[in-house]
2 protein chains.
Amino acid sequence: MNSQFGEKIRTLREKQHLYLRQVAPLLEMDTAQLSKIEKGLRQLKREQIPILAEILKASSDELMTLWLADQIYEVVKDEKMANQAMQVAEKKINLKQRKK
Amino acid sequence: MNSQFGEKIRTLREKQHLYLRQVAPLLEMDTAQLSKIEKGLRQLKREQIPILAEILKASSDELMTLWLADQIYEVVKDEKMANQAMQVAEKKINLKQRKK
DNA sequence: CTTATATTTGCCAATATTTGACAAGTCAAT
DNA sequence: ATTGACTTGTCAAATATTGGCAAATATAAG
């Protein structure tokens, strides 16, 4: 499981019976790039997520969640202190949210 | 609270009564850079964390944890889906660790 | 086996981001 | 006014990421 986001959008695309060559131009990229994104070798730009969600008739929030999770995972994947770091980060996020 | 790592190493440095100008050369940088790192405006290189831990007589694991937490926070700080993303990422990390 | 279509891979130039280095600045103590 | 510690701004250099293309692979059909 290399990229949860990539796997998800591939599944969604196949469910819609769409080809890379159909979806890629809507995101202004070529099929090679989209292929790499689905395989987790490249990142979709954050601001393109809502666009892709619409194309794939999916929840933008869900795709965003997976996309972010991939970014986080990339930071900590080989780290011994991964879990502790996540806990510390979570605390800080919760603090921030309470302020709003 | 902009950088937990930065705040921590500043506190540690002050506890040891060390000046930026004393610590910076040990990390092969100038005081301006170290100052920015302590204020969270720049990142210390990951591989320098153990070196700095030794200089400051601190736990390398603890510093690494804070450093990673800062990286994670940077990814999700303004994101509505931050918490969900963290949960998804955690699950994936736990899966990975179980495999070892 | 040849063709056609979909996807993948490799490469490298273009673009974007981060860093290193220095100069000039603030601030506090004297 | 001078000194010492730290901070800030700038900008070129170093790194990292992306875009775009061509070639490779895979699968199915004739």
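So you know, we letter chains A, B, ... as the sequences are listed, proteins then strands, and number each from 1. The analysis underlying the following values was restricted to heavy atoms, covering all of them including side chains, and did not include hydrogens, waters or symmetry mates.
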Looking only at heavy atoms, the pair that brings Pro50(A) and Ser60(A) closest together is CA-OG, 3.6 Å
Lys/Arg-Asp/Glu bridge criterion (N-O < 4.0 Å) met for Asp78(A), Lys96(B): yes
Between the side chains of Lys57(B) and Glu54(B), is the shortest nitrogen-to-carboxylate-oxygen separation below 4.0 Å, so that they form an ion pair? no
Of the candidate nucleotides dT7(C), dA23(C), dT9(C), which contains the atom at the shortest distance from the side chain of Tyr19(A)? dT7(C)
Tell me the salt bridge (Lys or Arg N to Asp or Glu O under 4.0 Å) pairs involving residues 25-36 of chain B, sequence neighbours left out? none
Can you tell me which residue pairs pass the salt bridge (Lys or Arg N to Asp or Glu O under 4.0 Å) test with a partner in residues 4-14 of chain A, sequence neighbours excluded? Lys8(A)-Glu62(A), Arg10(A)-Glu38(A), Arg13(A)-Glu38(A)
Between Phe5(A) and Ile37(A), is a side chain to side chain contact (heavy atoms under 4.5 Å, CB included) present by the stated rule, with each step listed? CA-CA 9 Å; Phe5(A) 177 79; Ile37(A) 288 167; 4.3 Å; yes
At under 4.0 Å between heavy atoms, what does Lys36(B) touch on the DNA or RNA strands: base, sugar-phosphate, or nothing? base
I'd like the 5' and 3' limits of the part of DNA chain D contacted by chain B, with heavy-atom contacts below 4.0 Å.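 The contacted stretch runs from dA5(D) to dT10(D).
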Which whole-number value in Å describes the distance from [X] [atom1] to [N] [atom2]?
X: Asp30(B); N: dA23(C); atom1: CG; atom2: P; answer: 11 Å
X: Arg21(A); N: dT8(C); atom1: CZ; atom2: P; answer: 14 Å
X: Gln33(A); N: dT9(C); atom1: CD; atom2: C1'; answer: 13 Å
X: Glu74(B); N: dT18(C); atom1: CD; atom2: C1'; answer: 13 Å
X: Lys39(B); N: dG25(C); atom1: NZ; atom2: C1'; answer: 13 Å
X: Leu20(B); N: dT26(C); atom1: CG; atom2: C1'; answer: 15 Å
X: Met29(A); N: dT7(C); atom1: CE; atom2: P; answer: 15 Å
X: Gln22(A); N: dT7(C); atom1: CD; atom2: C1'; answer: 13 Å

Closer than 4.0 Å, any side-chain N/O of Arg10(A) to the OP1 or OP2 of dA6(C)? no
Below 4.0 angstrom from OP1 or OP2 of dT19(C), is there any side-chain N or O of Arg42(B)? no
Hey, any chance Tyr19(A) and Val23(A) share a hydrophobic cluster, counting ILVMFWY side chains that come within less than 4.5 Å of each other, even indirectly?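 Unlinked, Tyr19(A) and Val23(A) end up in two clusters.
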Nearest-nucleotide comparison on DNA chain D, the residue closer to the 5′ end among Gln48(A) and Glu38(B): Glu38(B)
On DNA chain D, compare the nucleotides closest to Arg13(B) and Leu41(A); which residue's is nearer the 5' end?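 Mapping each residue to its closest nucleotide by heavy atoms, the 5'-most match is Arg13(B).
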